[in-house]
Amino acid sequence: MSGIVLHQYAESPFSEKVRSILGYKGVSYQSVEIPMIMPRPDTIPLTGGYRKTPVMQIGADVYCDTAIICRVIDEIYPENTIYPEEHLAMINTVAHWTDTFLFKVCVAIAFQPKAAATNPLFQDESAMSAFMADRAEFSKGSSELLGMPFETAEPHFIGHLNQLDQQLSVGGPFLFGDKPSIADFSTYHNVWFIYTQEALRDYFSPFEHLVAWYEKMVSFGHGNVDMIAGSEALAQASASEPEEMVDAAFLDNFQAGQLVSVMPIDYGFQPVIGELLAAGMDEIAVARNDDQVGRIVVHFPRTGFQVVE
Ligand SMILES: N[C@@H](CCC(=O)N[C@@H](CS)C(=O)NCC(=O)O)C(=O)O
């Protein structure tokens, strides 16, 4: 069986969420450092259009969105599960809110003028305008990612840090008890996004319990990573066959084999078109034939995605 290849870039918060889980689980894996902006010629042939970051590849199976990436990692490495059954619905609800609403708040905090003035990305004018143009194209048709004014975001951000700090001062050491769950990792990457910017670190000064928790999360590291070239990842896909899907479910009158288009419901409206292999309660999967890498199965979580005939 092929191993995990994570397509990610260093500055990406959602990539940090996955890197941190791989660190917590002590996983050895390969990783491709992708460009922060398009084009991504070594990743898009695998997804067939989806362009959010990160993407996980295992041979010719490709996983889009951290909701399914983290679940699959936990299935492969079940020891110290981050999805404890006794809190499953609540933990997934917290993770979803944190990865959607709180992330949108954090984007507004991260790109406020005070931070932009010291962010290395924004020191070079042409790099900055290329980044802005790329993200405008990425967000076309949606106000979900870049739509919150800083003045609206800031009280939401500080209020949530305060609640986290209060909870961690009486409970813990993690958000749902003695061991970290997916709720911790979703919260962690948002905190990391802001905390790692020196100009914004003062936000955390009043919150010592939150900072102690954050340092524990940082200490998990990133696992045992071997950086590979994008061309090697594509070669692995070409040399592999997707895993067969057994007992795939089809809800909502969908049928195996029909041609569908799949894309996120919030932002990043770049569709993936393929033959439907699963449309169950937890997962959507489509098969595509790519000119460069052959047959690929692309997997998405059910929550957060739309399937159109
Ligand atoms: N729901 C997605 C969100 C991923 C996301 O928004 N990633 C950001 C980077 S952290 C992104 O895709 N930005 C645009 C890009 O990298 O092209 C997930 O959980 O994977």
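The basis for the numbers below is simple: all heavy atoms, side chains too, and nothing from hydrogens, waters or symmetry mates. One-based numbering, in listed order, for ligands and for the atoms of each.
The shortest N or O to N or O distance between K17 and ligand 1 is not below 3.5 Å. Residue Y9 places at least one N or O, backbone or side chain, under 3.5 Å from an N or O of ligand 1. For T53, a nitrogen or oxygen atom sits less than 3.5 Å from a nitrogen or oxygen atom of ligand 1, counting backbone and side chain alike.
For the residue pair Y203 / E154, a side-chain donor-acceptor distance below 3.5 Å is found, with atom types taken as modelled. In this model, a donor atom of one side chain and an acceptor atom of the other lie less than 3.5 Å apart for Q8 and S31.
In this structure, H189 falls outside the shell of residues with a heavy atom less than 4.0 angstrom from ligand 1. Heavy-atom distances between D99 and ligand 1 stay at or above 4.0 Å for every pair.
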Using the rule given for side-chain hydrogen bond (donor to acceptor under 3.5 Å, both in side chains), can you reason through H209 versus Q166, listing the C-alpha separation, both sets of side-chain angles and the distance that settles it, and then say yes or no?
CA-CA 8 Å; H209 301 100; Q166 277 183 21; over 6 Å; no
Let's go through D74 and I182 carefully: what are the C-alpha distance in whole Å and the side-chain angles of both, what is the deciding distance for side chain to side chain contact (heavy atoms under 4.5 Å, CB included) to 0.1 Å, and is it a yes or a no?
CA-CA 10 Å; D74 199 71; I182 191 66; over 6 Å; no
Apply salt bridge (Lys or Arg N to Asp or Glu O under 4.0 Å) to residues K114 and D202 and explain how you reach the verdict.
CA-CA 12 Å; K114 183 168 89 174; D202 278 357; 5.9 Å; no
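Nearest protein neighbour of atom 5 (C) of ligand 1, counting heavy atoms only, is F14 CD1, 3.4 Å. Regarding atom 1 (N) of ligand 1, its nearest protein heavy-atom neighbour is D65 OD2, 2.9 Å. Looking only at heavy atoms of the protein, atom 20 (O) of ligand 1 is closest to T66 N, 2.8 Å. Of the protein's non-hydrogen atoms, the one nearest atom 10 (S) of ligand 1 is S12 OG, 3.2 Å.
Atoms of ligand 1 lying under 4.0 Å from at least one heavy atom of P13, given by number and element, are 10 (S).
Taking the ring centroids of F220 and Y188, they lie at or beyond the 6.0 Å cut-off.
Here R51 has heavy atoms under 4.0 Å from ligand 1 in both its backbone and its side chain. In E144, neither the side chain nor the backbone holds a heavy atom less than 4.0 Å from any atom of ligand 1.
Considering each of F193, Y267, Y50, the one bringing a non-hydrogen atom nearest atom 3 (C) of ligand 1 is Y267. The heavy atom nearest to atom 15 (C) of ligand 1, out of those in M36, M38, R40, is found in R40.
A ring pair (Phe, Tyr, Trp, His ring centres under 6.0 Å) with F204 is found for exactly one of W192, Y214, Y195, W213, namely Y195.
Side-chain atoms of Q258 never come within 3.5 Å of backbone atoms of L276 as a donor-acceptor pair (strictly under, hydrogens ignored).
Criterion: ILVMFWY side-chain heavy atoms under 4.5 Å apart, direct or through other members. Under it, F101 and I194 are part of a common hydrophobic cluster.
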